[in-house]
Amino acid sequence: MWFALILCTIAAFADVIGGAVTVVKRLNPQQTMIVTGLGAGFLLGATVLDRLPDSLSELPATSPLYIVIGYLILLILERYSANAHHRESAAPEMGHHPGAVLSSRAAFVSFVGLLLHTFMDGVIIAGAFSISRATGLLIFVAITMHKIPEGFSMATITLASGTSRMRALLTSVGLAVSTLIGAVLTLEVGAIDQHVVKILMALATGTFLYVSMTDLMPVVRGQNRGSVIAAVIGVGIFYISLLLIQHVGLS
């Protein structure tokens with residue numbers, strides 16, 4: 001149990017490393033938009049090239065429904081928070097922060113979606129150790145390889161909404177904490193039923209689809225050409241990392 005928990009902690013800390021890489025240097029609005037494009041592209045790649053095919057393969061009959069439900073949950077959540085925002089303030093779409101290139105609502109729904117995903121990361125790593133130590137190690141390596149870019153994506157999205165670098169880093173810390181909570185619950189309660197895991201991952205896929213294609217990509221498209229190129233590069237980075245993982249037999 002302790003060995004599995006230590007590895008889950010290492011995997012969780014990778015989120016913090018990714019966030020720290022983003023916030024070490026203060027970025028101007030143009031640099032922020034380019035970095036946001038990278039993060040948006042990576043998340044789009046993760047959604048369409050990895051999570052979507054996996055969900056359709058694991059639950060071929062029902063995953064489309066769960067994906068749509070996940071998408072609609074964030075749509076409703078964003079609409080609700082939009083109404084609350086208008087009641088509380090007459091500030092423009094991008095909130096109180098001058099130079100913001102992404103709404104605070106979009107950053108919030110991104111955080112919610114990634115919280116669910118990182119919670120499942122912890123569940124999956126800890127659950128894999130209930131099968132065997134070798135399986136747990138393989139899953140640990142596969143998930144950790146994605147966590148630095150994951151923390152990077154979350155921090156860049158938060159920075160793009162105009163918040164402070166410290167708050168951007170804290171969102172990455174939140175992802176790490178979510179991973180640990182998922183791991184601890186699984187180790188204490190026991191492995192979560194695999195069918196439930198598949199349903200939760202399909203729901204998370206719907207949230208990623210909303211964040212990447214409905215929130216982030218329209219913002220990237222509306223900015224300079226550099227941000228669009230950065231988004232393409234972000235997709236490419238994810239695809240290369242996926243190929244590497246598959247090549248060594250971890251996916």
Side-chain angles (χ1 to χ4, degrees), residues 15 39-86 102-128 139 142-143 146-147 149-151 153-154 157-158 161 171 174-175 177-183 185-186 189-221 231 234-235 238 242 251:
D15 276 316
F42 190 92
L43 187 58
L44 177 63
T47 303
V48 177
L49 301 176
D50 183 47
R51 288 311 324 145
L52 190 58
D54 281 357
S55 293
L56 293 174
S57 173
E58 292 165 352
L59 296 172
T62 57
S63 64
L65 175 62
Y66 292 123
I67 290 169
V68 170
I69 290 173
Y71 184 98
L72 292 176
I73 286 173
L74 285 198
L75 175 65
I76 293 169
L77 177 63
E78 183 174 27
R79 183 60 187 170
Y80 173 80
S81 52
N83 290 339
H85 176 80
H86 289 312
L102 187 71
S103 72
S104 57
R105 298 196 306 274
F108 176 70
V109 296
S110 300
F111 184 56
V112 171
L114 285 172
L115 275 179
L116 176 58
H117 178 73
T118 51
F119 176 83
M120 292 311 305
D121 283 344
V123 170
I124 292 169
I125 295 174
I139 295 299
I143 289 179
H146 283 288
K147 276 194 159 292
E150 183 178 76
S153 296
M154 187 65 253
I157 290 168
T158 306
S161 69
T171 59
L175 300 186
V177 171
S178 177
T179 303
L180 286 174
I181 290 173
L185 286 177
T186 303
V189 177
I192 297 177
D193 183 80
Q194 285 301 302
H195 186 68
V196 174
V197 171
K198 292 174 182 178
I199 291 174
L200 290 175
M201 293 310 296
L203 289 169
T205 300
T207 65
F208 292 167
L209 196 63
Y210 183 91
V211 169
S212 61
M213 301 191 72
T214 303
D215 266 335
L216 296 180
M217 281 303 167
V219 173
V220 170
R221 184 188 61 188
V235 174
F238 175 81
L242 182 63
S251 178

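This is a predicted model, so every value here is computed, not measured.
Tested against S55, the residues T205, T62, D50 include a single side-chain hydrogen bond (donor to acceptor under 3.5 Å, both in side chains) partner, T205. A side chain to side chain contact (heavy atoms under 4.5 Å, CB included) with T118 is found for one member of T179, L180, I181 and no other, namely T179.
You'll find the side chain of L175 reaches within 4.5 Å of the side chain of F111, heavy atoms only.
In this structure, T171 OG1 and L114 CG are separated by 9.0 Å, a value rounded to the nearest 0.5 Å. For the atom pair CD1 (I125) and OG1 (T186), the distance works out to 10.0 Å, reported to the nearest 0.5 Å. In this structure, L59 CG and D54 CG are separated by 11.0 Å, a value rounded to the nearest 0.5 Å.
With sequence neighbours left out, the side chain to side chain contact (heavy atoms under 4.5 Å, CB included) criterion links S212 to L43, L44, T47. With sequence neighbours left out, the side chain to side chain contact (heavy atoms under 4.5 Å, CB included) criterion links L65 to I69. The ring-ring contact (aromatic ring centres under 6.0 Å, His included) test applied to Y66 returns no partner, not counting sequence neighbours.
In this structure, the side chain of T158 engages the main chain of M154 through a donor-acceptor pair within 3.5 Å.
The nearest pair of heavy atoms linking F238 to L49 is CE2-CB, 4.0 Å. Minimum heavy-atom separation, S57 to P60: O-CD, 3.6 Å.
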(request) Tell me, with the steps shown, if L52 and I67 meet side-chain contact (heavy atoms from CB on, under 4.5 Å). (result) CA-CA 9 Å; L52 190 58; I67 290 169; 3.6 Å; yes
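Heavy atoms of other residues, nucleotides or ligands lying less than 6.0 angstrom from CE of M213 number 12 at most.
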